[in-house]
Every structure is written in structure tokens, then in C-alpha cells.
K.L.:
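There's a structure below that I have some questions on.
Hydrogens, waters and symmetry mates are skipped; everything else that's a heavy atom, side chains included, is used. Below, read A as the first sequence line, B as the second, and so on, with proteins coming before strands; counting in each chain starts at 1.
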Number of protein chains: 2
Amino acid sequence: MRKEIKKNAALELNPNVSVDCVIFGFDFDKLNVLVINRDGVDGVQWALPGNLIYDDEHLDQAANRVLAELTGLQHIYLEQIGAFGDPNRISKESDRSWLQSIRTQPEARVITVAYFSLVKMEDYQPQASSFAKSAEWIPVNEIRELAFDHFDILQTAKSRLKQMIKIRPIGFNLLPEKFTLSQLHKLYESILDKPLDKRNFRRKIQKLNIVMSLEEKQSGVPHKPSQLFMFDKEHYLLLTQNGFDNFGF
Amino acid sequence: MRKEIKKNAALELNPNVSVDCVIFGFDFDKLNVLVINRDGVDGVQWALPGNLIYDDEHLDQAANRVLAELTGLQHIYLEQIGAFGDPNRISKESDRSWLQSIRTQPEARVITVAYFSLVKMEDYQPQASSFAKSAEWIPVNEIRELAFDHFDILQTAKSRLKQMIKIRPIGFNLLPEKFTLSQLHKLYESILDKPLDKRNFRRKIQKLNIVMSLEEKQSGVPHKPSQLFMFDKEHYLLLTQNGFDNFGF
DNA sequence: TTTGAAAGTGTTAAAATGACACAAAGAGCA
DNA sequence: TGCTCTTTGTGTCATTTTAACACTTTCAAA
């Protein structure tokens with residue numbers, strides 16, 4: 001069904017505008033990014049999920065569609081990072097030959113609009129998905145190279161994430177519904193890339209009143225079990241209405 | 001000379017990608033935006049300075065070129081806001097007819113990449129410029145409508161400006177080299193759109209050590225003359241090196 | 001000389017920050 | 001049963017930062 005639509009509309013692909021998605025996930029230890037493995041290129045060559053937009057499509061819609069087509073991920077809030085458009089962005093030979101194989105106008109100048117989002121890794125196992133045999137989580141810090149200008153895009157996404165985590169509680173998107181404060185703590189340290197004092201962190205997050213503690217505890221862990229918490233969305237919405245704008249870590 | 005280049009390259013205009021610039025200025029009282037008056041449209045219709053990019057042109061370069069062509073402003077640091085690309089952005093009839101008159105492919109889907117910058121109003125008087133007979137400063141708060149989706153772009157630029165003023169001392173771009181603390185104070189109030197306590201503001205700005213007081217004072221004013229200050233760029237650069245990231249007003 | 005208008009200045013109470021160390025709880029194993 | 005290992009969870013204090021608040025000074029113009 002989806003493929004049908006895609007083929008019919010293929011003539012309307014806009015050869016000059018693409019979208020790329022930076023999807024972050026957290027494995028309770030470090031940040032990861034979802035990348036796809038390009039077929040037909042020798043050596044491993046990762047790329048962000050992305051493709052051309054259709055001519056009558058909203059940019060945001062295009063990003064969601066492309067992400068779904070390439071990875072199966074759906075119904076995700078994607079936030080725009082910005083436009084990237086170096087006319088020489090296709091400098092590597094591998095990029096060029098790959099484009100030859102998939103694009104009708106491989107030489108066209110392309111502006112790409114980048115998006116990012118945060119997802120719970122547990123909700124999405126690429127290997128298990130029939131869609132995304134070639135999609136894979138890779139630790140952000142291990143990435144040295146990506147196709148096209150995707151490495152630049154990733155760096156921009158990282159710094160945007162750093163800014164945003166200080167302003168909005170986006171981190172909760174990266175954790176399961178029930179989580180421990182230690183996990184949240186580790187998450188903030190991963191994103192901000194610096195250690196945060198445990199006690200001060202807990203004090204601050206609790207004062208914000210955006211987490212509510214559950215009755216439940218961790219079980220089966222070989223140490224003192226941790227209290228479980230949930231994100232308190234209502235309380236957060238109240239805060240935002242009163243002109244709240246700083247998580248200040 | 002410039003026109004020559006422009007005409008020769010005209011065939012290479014990319015019909016799908018444009019740039020638009022939001023230029024803020026401060027008149028010691030309120031924020032203003034530089035807009036251009038479209039010819040041949042009945043009634044007053046303002047638009048942000050913008051146009052299509054050339055196919056081999058960096059986005060940032062395109063923004064600078066278009067701004068210079070339409071207003072004469074040059075050598076300005078333009079910061080990207082993001083891409084705007086509603087496929088229905090050309091909804092108004094006046095927009096449509098205007099495009100008919102200036103574009104070779106007036107119906108093409110256009111993605112626009114928006115930029116913003118801050119300039120000293122005293123440095124730029126559109127009326128006096130031979131270029132920009134149609135360019136004009138308009139108080140931001142008086143703008144109710146702009147061409148295309150330019151009003152949206154302006155709103156986004158405003159909120160981006162609000163964020164950024166808390167992180168970097170961009171405000172100094174809006175003031176003359178020598179300024180008074182009251183002017184700076186008013187500027188921050190204009191951008192943040194809320195009153196700031198005079199004494200607290202001055203204390204805070206002085207503690208940052210990014211202004212240096214001059215020996216000079218205002219003269220000719222019918223009240224106690226104000227001390228003049230300069231932005232201390234060196235000191236600011238030192239601050240940034242030490243991982244400084246908050247002006248926190 | 002008087003008037004009007006903006007500049008400039010200090011204190012205090014409340015809140016936020018950063019630094020820091022040890023007891024409690026559970027699993028696993030001998 | 002008790003020992004070990006590992007992570008959780010908690011409080012205080014000194015320092016800094018914030019917010020609220022009012023009166024005197026200086027100049028030009030009338």
C-alpha cells in the first residue's frame with residue numbers, strides 16, 4: 001500500500017530538497033544514533049536515514065515519511081535542526097556512486113533539512129523489524145565518519161540536544177515509562193558530557209516536581225533496589241504555562 | 001559588475017530553494033525589522049528581503065548576496081534560523097501575482113531557508129541608500145502581516161533572538177560602539193519583552209565584565225548625563241573559552 | 001532659580017548552588 | 001547464616017545569586 005503510493009508519486013520527487021533524521025536512543029549507559037547501512041557500497045558506510053521530499057509534501061511530513069520508510073519508526077515528534085546545503089556536500093566518491101544507483105538526477109544540487117528526535121531504545125529493535133534490516137544503533141561517541149555531510153549534521157544535533165535538555169525535559173523521551181533517578185542522572189551526564197553531583201542532581205530534579213515516585217521498586221538487582229519514578233506530564237505543562245524556561249543543569 | 005555576474009548566472013537559479021533574511025535594528029526605544037516593499041502590488045505589502053539561490057552557491061553566501069542586492073547591507077554575520085517549506089505557503093493572491101511578475105517558474109514549490117542578524121540602525125539608513133529605495137525599518141510590534149510565510153519566520157526569529165540573548169552578548173551588535181547602560185537596559189527589555197529591574201540589571205552586566213566604562217559622558221542631554229561604555233570583546237572571548245554559556249536575565 | 005527628566009547607587013531577606021561522606025538494602029556465594 | 005559486593009539514598013553548611021525596593025544627583029530649558 002505504502003509502496004504503491006510511493007511509486008505513483010515518484011515523478012513528483014523534488015530533486016533539490018531532502019530530509020535527514022538524527023534519532024537518538026539511550027541504552028542506560030550512553031547515547032546512540034540510528035544509522036542505516038547503504039547497500040552496494042564496499043566497506044561499511046553509515047548514513048542518517050534520509051531521502052528526497054515529494055513536491056507537495058510538508059517538510060515535517062516528509063521527515064516522518066522517510067524515517068518510517070527506512071526504519072519503520074512512526075509517530076515520533078521530529079524537531080527541525082536546520083538546513084544544510086554545501087553545494088560540494090557530495091565530495092566523496094562513494095557518495096557519488098551511491099547516488100548514481102538510487103537517484104534519477106544524481107548530480108542535482110540538494111539542500112537537506114535535518115531533524116532530530118529521541119526515542120526509547122527498548123521500543124525499537126531494528127534487527128527485529130522487517131523494515132529495517134539495515135538500520136542499526138551506534139554509540140554516538142564511536143562515530144568518526146558518515147556519508148555526505150551527515151557527520152556535521154550529527155554534531156549540530158548533539159549540540160542542539162545539549163541546549164534543549166536545559167530548557168525542556170526532552171530526556172524523558174529516552175527513558176522507559178518507569179525509570180530510576182540514577183538512570184535519569186546518567187542520561188543527563190551523557191547528553192551534557194560532564195559529571196553531575198549525585199545529590200545535587202537529585203535535589204534539583206525533585207524540586208522541579210516533574211517526576212513522581214511510584215510505589216514500586218526495582219527487583220532482581222544484586223544491590224539495594226532503586227525507587228521507580230514516572231515523568232509527571234501534567235505538572236510539567238503547568239510549569240510551562242507559567243513561563244518556565246530553565247532546567248539549568 | 002555585480003549585476004553582470006548576476007545576469008550571467010541567472011540560468012542557474014535553483015527554482016526550489018530561496019533564502020530570506022530577518023534583520024533586526026534597535027532605535028533606542030524598540031526593535032525594528034528591515035522589510036522591503038514589493039513593487040506592483042496594490043496596497044502596502046511588506047516582505048522580508050529574500051530570493052532564490054543559485055545552484056552552485058552556499059546557502060550562507062546566498063543569504064548574504066540576496067541581502068546585499070535588495071538592501072545594500074554587506075559583511076553582516078547572518079545566523080540560520082531554519083527551513084520553512086509549507087507547500088501552500090503561496091496562498092494569498094497577491095503573493096501569487098507578485099511571483100508571476102518576477103519568477104520564471106512562479107508555481108514551483110519553494111523551500112526557504114531563513115536567516116537573521118542584528119545591525120546598528122545608525123549604520124544603515126535605507127532611504128539614503130541608492131540600492132534600497134524600497135527597504136524600510138518597521139517596529140517589530142507593529143507588524144501584523146507579511147508576504148508568504150514571512151510573518152511566521154519573523155516570529156521564529158524573535159523567539160530565537162530571545163533565546164540567544166541569554167547565551168551570547170549579541171545585543172551589542174544593535175548598539176553603537178559607545179553606549180549607555182540605560183540603552184543596553186532598554187535593549188534587553190525590548191528583546192525579552194519584559195521589564196528588568198534597573199539596579200539588578202546594572203549589577204549583573206557589570207559583574208560579567210563585558211563592558212568597559214569610558215572616560216566620556218553624554219553631553220547635551222537635558223538631564224544628568226550618562227557614562228558611556230564599550231563592549232569589551234577580549235574579555236568576552238576569555239569568558240567563552242572557559243565554557244561560559246549563560247547571561248541569565 | 002525652579003522644574004523636569006533621567007542617571008546612578010546599596011541593603012536585606014530568600015533562594016540556589018556546590019562541595020562533600022557514610023549508612024542501608026539486596027543478591028550471591030561460601 | 002553471615003560475609004562481600006554493589007548501588008541507592010540521604011543532609012549540612014558556606015557561599016553565591018536573586019529579587020525587591022527609593023532617594024539623591026546632574027544637567028538643560030524655561
Side-chain angles (χ1 to χ4, degrees), chain A residues 27-30 165-167 175-176 178-190 192 194-230 239 242-249, chain B residues 26-30 165-167 175-176 178-190 192-230 239 242-249:
Chain A
D27 59 10
F28 300 122
D29 180 44
K30 55 198 168 332
I165 195 98
K166 293 188 178 183
I167 295 176
L175 292 171
K178 299 172 182 181
F179 53 85
T180 72
L181 289 189
S182 296
Q183 291 168 344
L184 188 63
H185 183 202
K186 187 95 194 200
L187 172 58
Y188 271 77
E189 289 188 326
S190 301
L192 296 176
K194 70 178 181 192
L196 302 171
D197 180 84
K198 181 165 59 164
R199 281 178 283 194
N200 294 339
F201 175 83
R202 294 166 95 96
R203 174 166 23 124
K204 202 158 188 173
I205 211 80
Q206 306 237 36
K207 178 129 30 109
L208 288 172
N209 274 317
I210 53 169
V211 293
M212 38 193 281
S213 83
L214 305 172
E215 298 305 305
E216 212 174 333
K217 291 196 174 197
Q218 262 184 331
S219 67
V221 288
H223 55 73
K224 181 172 176 179
S226 172
Q227 184 71 236
L228 289 173
F229 290 82
M230 279 185 66
L239 275 185
N242 301 333
F244 166 75
D245 70 348
N246 199 346
F247 274 80
F249 284 98
Chain B
F26 182 63
D27 59 9
F28 300 122
D29 179 44
K30 55 198 168 334
I165 195 102
K166 293 188 177 184
I167 295 175
L175 291 171
K178 300 173 183 180
F179 53 85
T180 71
L181 289 188
S182 296
Q183 291 167 344
L184 187 63
H185 181 202
K186 188 93 193 200
L187 171 58
Y188 272 77
E189 289 188 325
S190 302
L192 296 176
D193 204 23
K194 70 179 181 192
L196 301 170
D197 180 84
K198 182 166 57 165
R199 280 176 284 193
N200 294 338
F201 175 84
R202 292 166 96 98
R203 171 155 34 105
K204 200 157 190 174
I205 211 79
Q206 306 237 34
K207 179 132 26 112
L208 288 171
N209 275 317
I210 53 168
V211 293
M212 39 194 278
S213 85
L214 305 173
E215 299 304 306
E216 211 175 334
K217 292 197 174 196
Q218 265 185 328
S219 68
V221 288
H223 54 74
K224 183 172 178 179
S226 172
Q227 186 70 237
L228 288 173
F229 291 81
M230 278 185 65
L239 275 185
N242 300 333
F244 165 77
D245 69 348
N246 200 344
F247 274 81
F249 285 98

K.L.:
Could you state the atom-to-atom distance from NZ of B/Lys186 to C1' of C/dG8 in whole Å?
P.N.:
18 Å

K.L.:
Quickly work out the B/Leu228 CG to C/dA7 P distance and round it to whole Å.
P.N.:
12 Å

K.L.:
What's the closest nucleotide to the B/Arg203 side chain, out of D/dC21, D/dT18, C/dG18?
P.N.:
D/dT18

K.L.:
Want to settle it: does A/His223 or B/His223 sit nearer the 5' end of DNA chain C, counting the closest nucleotide to each?
P.N.:
B/His223

K.L.:
Name the closest nucleotide to the B/Arg202 side chain, picking from C/dG8, C/dG10, D/dT18.
P.N.:
C/dG8

K.L.:
Would B/Leu196 and B/His185 count as a side chain to side chain contact (heavy atoms under 4.5 Å, CB included) here? Give the steps.
P.N.:
CA-CA 8 Å; B/Leu196 301 170; B/His185 181 202; 3.8 Å; yes

K.L.:
Need one value for B/Ser219: base, sugar-phosphate or nothing, where a base atom within 4.0 Å counts as base even if backbone is also close, heavy atoms only.
P.N.:
nothing

K.L.:
Please check this pair: side chain of A/Gln218 against backbone of A/Ser226, looking for a donor-acceptor N/O pair closer than 3.5 Å.
P.N.:
yes

K.L.:
Just how far is it from atom CG of B/Asn200 to atom CD1 of B/Ile205, taken to the nearest 0.5 Å?
P.N.:
12.5 Å

K.L.:
Counting only side-chain heavy atoms from C-beta out, which of D/dC27, D/dT10, C/dG10 sits nearest to B/Asn200?
P.N.:
C/dG10

K.L.:
Establish, with yes or no, whether the OP1 or OP2 oxygen of D/dG9 is under 4.0 angstrom from a side-chain nitrogen or oxygen of A/Ser226.
P.N.:
yes

K.L.:
If you find the nucleotide of DNA chain C closest to A/Asp197 and the one closest to A/Pro222, which residue's nucleotide is nearer the 5' end?
P.N.:
A/Asp197

K.L.:
So does B/Lys198 get a side-chain nitrogen or oxygen closer than 4.0 Å to the phosphate oxygens (OP1/OP2) of C/dG8?
P.N.:
no

K.L.:
So how far is it from B/Leu181 CG to B/Gln183 CD, rounded to the nearest 0.5 Å?
P.N.:
9.5 Å

K.L.:
Expressed as a whole number of angstroms, how long is the span from A/Lys217:NZ to C/dA27:P?
P.N.:
12 Å

K.L.:
Closest heavy-atom contact between B/Phe179 and B/Leu184?
P.N.:
CE1-CD2, 4.3 Å

K.L.:
Measuring from the side chain of B/Lys207 (C-beta onward, heavy atoms only), which nucleotide among C/dA7, D/dT17, D/dT10 has the closest atom?
P.N.:
D/dT17

K.L.:
Measure from the side-chain heavy atoms of A/Gln227 and tell me the nearest of D/dG9, C/dG8, D/dA22.
P.N.:
D/dG9

K.L.:
Please report the distance, rounded to the nearest Å, between CG in A/Leu196 and C1' in C/dC20.
P.N.:
16 Å

K.L.:
Could you tell me how far apart A/Phe201 (CZ) and C/dA19 (P) are, to the nearest whole angstrom?
P.N.:
16 Å

K.L.:
Tell me what A/Gln218 touches on the nucleic acid: a base, only sugar-phosphate, or nothing, going by heavy atoms under 4.0 Å.
P.N.:
nothing

K.L.:
Could you check how far CD1 of B/Ile205 sits from P of D/dT18, rounded to whole Å?
P.N.:
12 Å

K.L.:
Rounded to the nearest angstrom, tell me the gap between atom CZ in B/Arg199 and atom P in D/dA20.
P.N.:
12 Å

K.L.:
For C/dA7, does either OP1 or OP2 sit under 4.0 Å from a side-chain N or O belonging to B/Ser182?
P.N.:
yes

K.L.:
To the nearest angstrom, how far is B/Lys224 atom NZ from C/dT3 atom C1'?
P.N.:
18 Å

